[in-house]
Number of protein chains: 2
Amino acid sequence: MSEYKGILDHIDRYVELSDSEIEEFISILKTTRVKKRQFIVQPGFVSEYRNYIVEGAVRVFYLDDQGKEHTVIIAIEDYFFTDFYSYIHRTPAEYYAEALEDSIILQMKYEDVEKLCSRIHALSQYFRLFTERSMAYSYKRTISNISKTTEERYWEYVNKYPEIANRVPQYVLASYLGISPESISRIRSRS
Amino acid sequence: MSEYKGILDHIDRYVELSDSEIEEFISILKTTRVKKRQFIVQPGFVSEYRNYIVEGAVRVFYLDDQGKEHTVIIAIEDYFFTDFYSYIHRTPAEYYAEALEDSIILQMKYEDVEKLCSRIHALSQYFRLFTERSMAYSYKRTISNISKTTEERYWEYVNKYPEIANRVPQYVLASYLGISPESISRIRSRS
DNA sequence: TTTACTTCTTGATATAGGTCAAGCTATTTT
DNA sequence: AAAATAGCTTGACCTATATCAAGAAGTAAA
C-alpha cells in the first residue's frame, strides 16, 4: 500500500529486491502514529527500532546535565532516525526522539532487521550502502561544526534544507547547529 | 601472513569468512608503505581506496580558504580512513590524508570492494555492521562538538584515547577538536 | 475573545576562547 | 654539533557568541 511506497523507493535507489523479499521486508514493518510532542525514544529504554518517517517530523536530542537540549537529528519524510548507539548495542538510550508534528512512522526491530539482513544479501547491501552515505555526510557536518562560524553554519543549513528550516521551530534548529536561539534570531534580522 | 592478521581479526569480530573468501579478500588488498608527511589522498584526485592501517598513524584533514587545517580523522593501527565522500561518489577528494608517521597501510579499491561485497554476503555484512558502529560513534562526536566546552572536549578525548593523544602532535589534536593549539596548551598547563 | 502557553525578538552584559606575536624547546637534517 | 625546521608555551588583546532579562507576537486552548 501507499504507506510503504516511500521506503520501498528508498531501497530501490540502492538495490533491487524480489517480490518475495519485498514482502518479507514489509512483514517486519510496524506502522505507528505519534502525536506532536510524543516521545518515540526515551533515555533509560533501549531504542528497539530503526524508524522511517512516512509523514511528519521528528527530532532526536540529548538533554545535558544543565538541562540544555542538543539536537542530533532532525528528520522529516523519507528520513530514518533512532538512537543509533542504543539500537545497535541494545543499551539504554541516551537520547530522546520527539515528534515535532503528528507523524506516521515505520518501525523495524533490531532483531528482525538483523535476521533479514543475514538472509537477504540485497537488504544487507542496502543498509550498508545507505549507511556509508550517511557516514560521508556525517563527516561534512563534523567539518562544518569545527571550522565554521555560527552564521556560516546557519546559512549553510538553511540553503541546504530550506523546507526543514521553515518547518521546525527555531530553537530546534538552534540546538541542532549548536547556536543559541537568540543568535539565530539576530543572524536572521541582520539579513 | 602477519601483515593481514590485523584486518582479518577485525573482520572476525563481526562475521566469519570461509578460507576461500579470505583469500579472495586478501587478493584485493594492496600493501603500501608511506613516509611521514607523505599524502595518501589529495584534493582534486579521487580517493580510490579504503585504507586500513597496519602500522603507523594517519590523519585526514580539510584545508579551508583561510589556510586553516581541520582534522576529520586521526587513525592509528587497526583503523580505517579515506575521504569517504570522494571514495563513495567517485568525485575529487576535498581532504588530504597525510601520514603522521612512517606507515604501512592496506588499500582496497572501491570497485574491488563493491564487487566482492556483491558476491560475498558476509563481507557486505561486515562493512554494514562496522559502518553502523562508526555511525553511532560519529553521533557522539557531533554531540560533543555542539554541546561541550573546549576543555571538556579535550579531556574527553585524552581520557578516551590516551595513546593517540600522546602520539600525535598537539596541533593535530587541536584541529581535530576544533580548538586552537594555544588553548590546548593553556588547558594542559592549568592542570 | 479571553487566557495561557510557546516561540521569537531585542537590548545589555559577560566571557570563553580565538588571534597575534615572540620566545623557547624539541627534533630533524646537514 | 651546528643549523634549520617543527612544535609548544605564554602574554596581551579582542571579538564572536553565550547568557540573562523582559517584552512582543504567535498559536492553541478554554
Side-chain angles (χ1 to χ4, degrees), chain A residues 35-39 57 59 61 63-71 74 96 98-102 143-158 164-191, chain B residues 34-39 56-57 59 61-71 74 96 98-103 143-158 164-191:
Chain A
K35 285 261 164 221
K36 186 170 173 173
R37 284 199 186 81
Q38 193 177 327
F39 291 129
R59 69 163 172 151
F61 70 93
L63 193 67
D64 73 20
D65 5 295
Q66 278 117 80
K68 271 191 72 179
E69 299 174 355
H70 306 281
T71 299
I74 302 176
Y96 294 86
E98 177 198 29
L100 294 171
E101 307 171 358
D102 295 355
I143 282 288
S144 189
N145 279 335
I146 64 179
S147 72
K148 307 232 164 124
T149 65
T150 54
E151 184 146 8
E152 288 169 331
R153 290 208 300 285
Y154 174 75
W155 290 118
E156 186 176 83
Y157 189 90
V158 168
I164 301 182
N166 285 322
R167 196 162 153 184
V168 305
Q170 225 150 81
Y171 72 86
V172 168
L173 190 50
S175 74
Y176 178 87
L177 296 171
I179 310 179
S180 72
E182 293 94 330
S183 289
I184 290 218
S185 181
R186 279 184 253 268
I187 288 168
R188 301 199 70 202
S189 73
R190 238 177 267 150
S191 83
Chain B
V34 287
K35 285 266 165 214
K36 186 170 174 174
R37 285 200 185 81
Q38 192 177 327
F39 291 130
R59 69 162 171 150
F61 70 93
Y62 171 70
L63 193 66
D64 73 19
D65 5 295
Q66 279 119 80
K68 272 192 69 179
E69 300 174 355
H70 306 281
T71 299
I74 302 176
Y96 293 85
E98 176 198 33
L100 295 170
E101 305 172 358
D102 294 355
S103 305
I143 280 288
S144 190
N145 279 336
I146 64 178
S147 73
K148 306 231 164 126
T149 64
T150 54
E151 183 145 8
E152 288 168 330
R153 290 207 302 283
Y154 174 74
W155 290 117
E156 185 176 83
Y157 189 91
V158 168
I164 301 182
N166 286 321
R167 197 162 151 184
V168 306
Q170 226 151 79
Y171 72 86
V172 168
L173 190 50
S175 74
Y176 179 86
L177 296 170
I179 311 178
S180 71
E182 292 94 328
S183 289
I184 291 217
S185 183
R186 279 185 253 269
I187 288 168
R188 303 198 68 204
S189 74
R190 239 177 266 152
S191 81

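Residue numbers begin at 1 in each chain, while the letters A, B, ... track the order of the sequences.
Under 4.0 angstrom from either OP1 or OP2 of dG7(D) there lies at least one side-chain N or O belonging to R37(B). The phosphate of dT17(D) (OP1 or OP2) has no side-chain N or O of S180(A) nearer than 4.0 angstrom. The phosphate of dG17(C) (OP1 or OP2) has a side-chain N or O of T150(B) nearer than 4.0 angstrom.
At whole-Å resolution of the value, CD in E69(B) and P in dG7(D) are 10 Å apart. To the nearest angstrom, C1' of dT6(C) lies 13 Å from CD of E98(A). Taking atom CD on Q66(B) and atom P on dC20(C), their separation rounds to 10 Å, with Å as the unit. Going from atom CZ of R190(A) over to atom C1' of dG11(C) covers 14 Å, rounded to whole Å. Distance CZ (R59(A)) to C1' (dT7(C)): 13 Å, rounded to an integer number of Å. Between the CG atom of D102(B) and the C1' atom of dT27(C) there is a distance of 14 Å, rounded to whole Å. The interatomic distance linking I187(A) (CD1) with dA18(D) (C1') rounds to 12 Å, in whole Å. Taking atom CD on E151(A) and atom C1' on dA18(D), their separation rounds to 16 Å, with Å as the unit.
Remark on DNA chain C: of its neighbouring residues K36(B) and K148(B), the 5'-side contact belongs to K148(B), judged by nearest-heavy-atom nucleotide.
In this structure, the side chains of I164(B) and Y176(B) stay at 4.5 Å or more apart for every pair of heavy atoms.
For E182(B) against dC20(C), a side-chain-to-base donor-acceptor contact under 3.5 Å is present. One can find a donor-acceptor pair under 3.5 Å joining the base of dT19(C) and the side-chain atoms of R186(B).
R188(A) comes within 4.0 angstrom of nothing in the nucleic acid, heavy atoms only. Residue R153(B) is classed as having no contact, given no heavy-atom separation below 4.0 Å to the nucleic acid. In this structure, I179(A) reaches the sugar-phosphate backbone alone: every heavy-atom distance under 4.0 Å involves primed, P, OP1 or OP2 atoms, never a base. If you check every strand for non-hydrogen atoms under 4.0 Å, K68(A) touches sugar and phosphate atoms only. At a threshold of 4.0 angstrom between heavy atoms, the contacts of S185(A) include nucleobase atoms, whether or not backbone atoms are also involved.
Of all heavy-atom pairs spanning Y171(A) and P181(A), the tightest one is CB-CG, 4.3 Å. Counting all heavy atoms, side chain and backbone alike, S175(B) lies closest to T71(B) at OG-OG1, 2.5 Å.
Checking dG17(C), dG11(D), dT19(D) against every side-chain atom of T149(B), the shortest atom distance belongs to dG17(C). The side chain of Q170(A) lies closest to dC8(C), out of dT10(D), dG17(C), dC8(C). With dT7(C), dA18(D), dC8(D) as the choices, the nucleotide that has an atom nearest any side-chain atom of S183(A) turns out to be dA18(D).
Between Y96(A) and F61(A), the ring planes lie parallel to each other; the angle is under 30°, not in the 30° to 60° tilted range.
The line from CD1 of I74(B) to CG of L177(B) is 7.0 Å long, rounded to the nearest 0.5 Å. A distance of 8.0 Å separates CG of D102(A) from NZ of K36(A), quoted to the nearest 0.5 Å.
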